[in-house]
Amino acid sequence: MTPPNPRDLILKLLLGAEGASFSARDAVAACALFGIRENNARVALVRLSATGMIEGTGRGAYRIGPSSSDLAEEVRAWRTAESRVRKWSGAWLVVHSAALLRSDRAAWRRCDRALRMLGFRELEKDLFVRPDNLAGGVKSVRARLRKLGLAADAPVFSADEFDDELDARARSLWNADALTESYARTRRELERWLHRMHTLDPEVAARESFLLGSDAIRQLVFDPLLPDPLVDVDERRAFVDVVLRFDEAGHAIWQTVLGASPKEIP
């Protein structure tokens, strides 16, 4: 497991705070667990604040800033991911991004991240699709994509008359077996760690829970939430259940190490 850089670590700490503030003192202490010097931690706080990704809430305290709030809202929704899906009728959600010049790298990165976070894949050049099984349908998905960085003039619509060949190509954009195996593999890894966590030194447990938890949550944040029969939904639900248990255990460990309330830790 690769140690996080101070910027990523602090952002994830604040994401875990769920809107509450996090003290600079605890940010420094958390960074120290990973061998990050206090000066580097404080420089990261200053730089994140300067970009608006975090903001001060008082003397020595920070929370997620305005430039990160929409992304933070989407990331935090991993806990309720299963409630954001509905039965699939066979229709598809489609995004046409041709109006966005990929030469504008910053804009394209935001667009690409938005599409990946909501599980879209490229079917044809500039044409991205995913199953229309997300709660709220096209209206909700369009709003979420816009908030995450999709260009305002990129059409987002539903299509339910793909011919057999196009439908088969769309279904093949995801490797169902690999996705299902990834759920099972990560679930087993987290279960093994939960079984042995009580044998670990608290600081070691804090480090490992952060790194393993971050990877598992990222997997969920970027999961396409495919329907049956494109993926084993029961295996995904079992994976989510274990990540929730792991997250709760991680909160308790960080509470012990930092002396913070559970809502103030990742």
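Everything numeric in this text was worked out from a predicted model, so none of it was measured. The figures that follow rest on heavy atoms only: side chains count, while hydrogens, waters and symmetry mates do not.
With hydrophobic clusters built from ILVMFWY side chains whose heavy atoms lie under 4.5 angstrom apart, Phe246 shares a cluster with Val75. In this structure, Leu166 is a member of the same hydrophobic cluster as Leu173, with clusters built from ILVMFWY side-chain heavy atoms closer than 4.5 Å. Val43 is not connected to Leu11 by any chain of hydrophobic side-chain contacts under 4.5 Å among Ile, Leu, Val, Met, Phe, Trp and Tyr, and they are in different clusters. Residues Leu45 and Leu48 fall within the same hydrophobic cluster, defined by Ile, Leu, Val, Met, Phe, Trp and Tyr side chains chained together at heavy-atom separations under 4.5 Å. When the side chains of ILVMFWY residues are joined at heavy-atom separations under 4.5 Å, either directly or via intervening members, Val240 and Leu190 end up in a single hydrophobic cluster.
Side chains of Arg86 and Asp132 form a contact here, defined as non-hydrogen atoms less than 4.5 Å apart. Residues Ile54 and Ser68 are not in side-chain contact: their nearest non-hydrogen atoms beyond the backbone lie 4.5 Å or more apart. Taking the side chain as every heavy atom from C-beta outward, Pro224 and Leu230 never approach each other to under 4.5 Å. No side-chain heavy atom of Val242 sits under 4.5 Å from any side-chain heavy atom of Thr186. No side-chain heavy atom of Tyr183 sits less than 4.5 Å from a side-chain heavy atom of Asp232. Side-chain contact between Cys31 and Asn40: absent, with no pair of heavy atoms (C-beta onward) separated by less than 4.5 Å. Between Val243 and Gln219 there is no side-chain heavy-atom pair separated by less than 4.5 Å. Side-chain contact between Leu93 and Val129 is absent, with no heavy atoms from C-beta onward closer than 4.5 Å.
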Working note: Asp247 + Arg79, criterion side-chain contact (heavy atoms from CB on, under 4.5 Å); need CA distance, chi angles, decisive distance, verdict. CA-CA 10 Å; Asp247 184 61; Arg79 291 182 176 86; 2.9 Å; yes
Take Leu225 and Arg236, measure what side-chain contact (heavy atoms from CB on, under 4.5 Å) needs, and give me the verdict at the end. CA-CA 9 Å; Leu225 294 176; Arg236 184 179 68 224; 3.8 Å; yes
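Here Asp223 pairs with nothing under the salt bridge (Lys or Arg N to Asp or Glu O under 4.0 Å) rule; sequence neighbours left out. For Arg109, the side chain to side chain contact (heavy atoms under 4.5 Å, CB included) partners are Arg105, Ala106, not counting sequence neighbours. With sequence neighbours excluded, no residue forms a side-chain hydrogen bond (donor to acceptor under 3.5 Å, both in side chains) with Glu165. Residues passing the salt bridge (Lys or Arg N to Asp or Glu O under 4.0 Å) test with Asp234, sequence neighbours excluded: Arg237. In terms of the side-chain hydrogen bond (donor to acceptor under 3.5 Å, both in side chains) criterion, residue partners of Asp167 (sequence neighbours excluded) are, by chain and number, Trp92, Arg171. Residues passing the salt bridge (Lys or Arg N to Asp or Glu O under 4.0 Å) test with Arg130, sequence neighbours excluded: none. The side-chain hydrogen bond (donor to acceptor under 3.5 Å, both in side chains) check on Arg84 picks up nothing, with sequence neighbours excluded. Partners of Arg188 under the salt bridge (Lys or Arg N to Asp or Glu O under 4.0 Å) rule, at least two apart in sequence or in another chain, are Glu181. For the side-chain hydrogen bond (donor to acceptor under 3.5 Å, both in side chains) test, residues two or more places apart in sequence or in another chain that qualify with Arg42 are Glu38.
The closest donor-acceptor contact from the side chain of Ser49 to the backbone of Val46 lies at 3.5 Å or more, if one exists at all. At least one donor-acceptor pair closer than 3.5 Å links the side chain of Ser172 to the backbone N or O of Arg169. For the pair Thr180 (side chain) and Asp177 (backbone), a donor-acceptor distance under 3.5 Å is absent. Using modelled atom types, one side-chain atom of Arg207 and one backbone atom of Leu33 make a donor-acceptor pair closer than 3.5 Å. A donor-acceptor contact shorter than 3.5 Å links the side chain of Ser67 to the backbone of Met53. In terms of modelled atom types and a separation under 3.5 Å, the side chain of Arg146 and the main chain of Ala152 share a donor-acceptor contact.
In this structure, CH2 on Trp193 lies 10.5 Å from CG on Leu211, to the nearest 0.5 angstrom. Note: Leu71 CG to Ile64 CD1 = 8.5 Å, rounded to the nearest 0.5 Å. Interatomic distance, Glu55 CD to Leu14 CG, rounded to the nearest 0.5 Å: 10.5 Å. Leu258 CG to Leu13 CG: the interatomic distance, rounded to the nearest 0.5 Å, is 8.0 Å. From Leu145, atom CG reaches atom OG of Ser97 across 11.0 Å, with rounding to the nearest 0.5 Å. To the nearest 0.5 angstrom, Asp26 atom CG is 11.5 Å from Ile10 atom CD1.
Of all non-hydrogen atoms in Val233 and Leu226, the two that sit nearest each other are CG2-O, 3.9 Å. Listed here is the closest heavy atom pair of Ala176 and Val231: O-CG2, 4.3 Å. Here the closest heavy-atom approach between residue Asp160 and residue Ala91 is recorded as CB-CB, 3.8 Å. Nearest heavy atoms, Ala170 versus Trp174: O-CZ3, 3.1 Å. Nearest heavy atoms, Ala135 versus Ser83: CB-O, 4.2 Å. The shortest heavy-atom contact between Ala216 and Phe239 is O-CZ, 4.0 Å.
Environment of CZ in Arg218: sparse, with no more than 12 heavy atoms of neighbouring residues, nucleotides or ligands closer than 6.0 Å. More than 12 heavy atoms of other shown residues, nucleotides or ligands fall within 6.0 angstrom of atom CZ in Arg185. Under a cut-off of 6.0 angstrom, the local environment of CG in Asp201 is crowded, with over 12 non-hydrogen atoms contributed by other residues, nucleotides or ligands.
Identified under the ring-ring contact (aromatic ring centres under 6.0 Å, His included) test for residues 48-84, with sequence neighbours left out: none. Within the structure, every pair that satisfies the salt bridge (Lys or Arg N to Asp or Glu O under 4.0 Å) test and touches residues 190-199, not counting sequence neighbours, is listed here: Arg187-Glu191, Arg196-Glu208.
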Got a list of side-chain donor-acceptor pairs under 3.5 Å for residues 110-120, not counting sequence neighbours?
from, atom 1, to, atom 2, distance (Å)
Asp112, OD2, Arg116, NE, 3.1

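Ion pair Arg144/Asp70 not flagged as a salt bridge, since none of the NZ, NE, NH1 or NH2 atoms sits closer than 4.0 Å to an Asp/Glu carboxylate oxygen.
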